[in-house]
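Have a look at the structure below before the remarks.
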Amino acid sequence: MRPIQARISIGAMAHNLRVARAHAGEAHVFAVVKANAYGHGLSRARRALAAADGFAVLTLEEAANLRLMGVEQPILLLEGMFGADEIATCAELDLWPVLHHAGQLDWLAQQPPARPIRVFLKFDSGMHRLGFPLADHAAIVARVQSLPGVAGVMLMTHFAQADEAAGVDWQLQPFLRELAGHGLPWSSANSAALLRHPASCGAWVRPGIMLYGASPFADVPAETLGLRPAMTLQSEIISVQTVQPGEGVGYGQLFRAERTMRVGVVACGYADGYPRHAPTGTPVRVDGRPSQTLGRVSMDMLCVDLSECADAGVGSPVVLWGDGVPVDAVAAAAGTSSYELLCALAARVPVVETD
Ligand SMILES: *Cc1c(COP(=O)(O)O)cnc(C)c1O
């Protein structure tokens, strides 16, 4: 069998949830499990994160699956209904949709659910992606509260720069100032805001990436935040080459040896979800020792430097990310984010669940 696998730790996710809760104070925690729980598997994440106060997903299908799995906590639909036809299911499954555009209010007015539902009303406080303008709050809140299909209203916004120096205040302060008069529970914090801006916690927080053990901050390692990697992508060396000075390795011959060296060929490529743009020097671990990739990543293979791994050969274990190789470091080298790498774990990679 091809030796690649993703080892996914239930205990790491449970630990990371405890870290989130410690930062959340009195706030309730929605565990964000969209995108197949950031690549970790919805069912697995549900078990690992069973202590969450609720779950947040993108689609009705994910929400329905969580209910089938026995989830009894609130389920937040992050973009709400995509059509009027989804209203009935929201009520049947007791989902909390986010309402962010007028069309969704019209659907609810025209086809009120048999059982009134709770909703999160999303306001745009500066990200300019989803949400009603803050300036329209009085009319929007009044309209939603008057809908017979609505049982309760909570308020929500989302931050554009919670992970950066600009922070959240430029969005949070107007959001709170404008909406304070309604006296409604509110939610604003993603992982970065939860970790760095306690004032943004409100009634419900919405951590995602931190639950999987990656850092939302470019400049703070996950370990420093007390997080444990939930996914370790690992494989083995399937071939060893010795290259001479001046000889190249792989497609495009992007890496050229300056001296005689041993190169390990690893059974992992971009079709497994490893980033094709990871350049020479991207960190890996071979036989437990730090090393680096060499040359261009292929579809099914990549090459690593065995100069410092004298004992390594065919069958030696290689960690691509996870234990001992922060996924954030791999992402940074490849010019992307840990979010993208974790979500992109390919379906062909066998998953092994660990404690
Ligand atoms: C995905 C998402 C989150 C989680 O963000 P992280 O940065 O992964 O913590 C929170 N809120 C909304 C609206 C989201 O779409």
Side-chain angles (χ1 to χ4, degrees), residues 13 16-17 19-24 27-40 42 45 48-49 52-59 62-63 74-82 95-101 104 119-132 154-164 166-168 171-172 175 185-198 200-220 222 225-227 229-231 327-328 331 336-345:
M13 285 188 266
N16 296 333
L17 176 63
V19 175
R21 199 179 276 295
H23 284 269
H28 296 290
V29 179
F30 280 122
V32 180
V33 293
K34 63 191 174 186
N36 196 31
Y38 292 45
H40 294 68
L42 184 63
L49 304 170
D53 303 303
F55 291 90
V57 296
L58 189 64
T59 67
E62 293 166 314
I75 298 178
L76 179 68
L77 276 182
L78 286 162
E79 296 179 14
M81 297 86 80
F82 293 98
L95 312 180
W96 296 1
V98 170
L99 305 179
H100 61 89
H101 69 80
Q104 293 170 318
V119 299
F120 266 89
L121 201 46
K122 185 167 190 175
F123 286 92
D124 172 34
S125 56
M127 182 142 177
H128 295 122
R129 196 176 60 177
L130 295 186
F132 297 97
M154 290 164 279
L155 305 172
M156 171 173 164
T157 196
H158 193 56
F159 299 124
Q161 294 179 298
D163 55 325
E164 298 175 15
V168 301
Q171 292 184 256
L172 182 62
F175 173 78
W186 53 276
S187 170
S188 72
N190 57 5
S191 298
L194 172 60
L195 289 166
R196 206 173 255 180
H197 304 287
S200 70
C201 283
W204 284 88
V205 294
R206 312 188 302 269
I209 193 71
M210 69 178 292
L211 302 178
Y212 307 103
S215 173
F217 308 114
D219 54 348
V220 186
L225 299 167
L227 303 172
M231 182 195 296
V327 64
D328 295 304
T336 182
S337 70
S338 56
Y339 295 78
E340 188 178 11
L341 297 190
L342 296 174
C343 291
L345 180 75

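The model shown is predicted, which means the values in this text are computed figures rather than measured ones. For this chain, numbers begin at 1 and follow the sequence in order. One-based numbering, in listed order, for ligands and for the atoms of each.
For the side chain to side chain contact (heavy atoms under 4.5 Å, CB included) criterion with Val32, the lone passing option out of Asn190, Leu78, Leu76, Leu49 is Leu78. If you run side chain to side chain contact (heavy atoms under 4.5 Å, CB included) between Ser191 and each of Ile209, Leu227, Leu211, Leu225, only Ile209 comes through.
A 4.5 Å side-chain heavy-atom check between His197 and Leu172 finds every atom pair outside the cut-off. A 4.5 Å side-chain heavy-atom check between Met210 and Val19 finds at least one atom pair inside the cut-off.
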Could you list each N/O atom of ligand 1 together with any protein N/O atom closer than 3.5 Å, one pair per line with the distance?
residue, atom, partner, partner atom, Å
ligand 1, 7 (O), Tyr339, OH, 2.6
ligand 1, 8 (O), Tyr38, OH, 2.6
ligand 1, 8 (O), Ile209, N, 2.8
ligand 1, 9 (O), Ser191, N, 2.8
ligand 1, 9 (O), Ser191, OG, 2.5
ligand 1, 9 (O), Gly208, N, 2.9
ligand 1, 11 (N), Arg206, NE, 2.9
ligand 1, 11 (N), Arg206, NH2, 3.4
ligand 1, 15 (O), Lys34, NZ, 2.6

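With sequence neighbours left out, the side-chain contact (heavy atoms from CB on, under 4.5 Å) criterion links Thr59 to Glu61, Glu62.
In this structure, CG in Asp328 is found 11.0 Å from CZ in Phe217, a value given to the nearest 0.5 Å.
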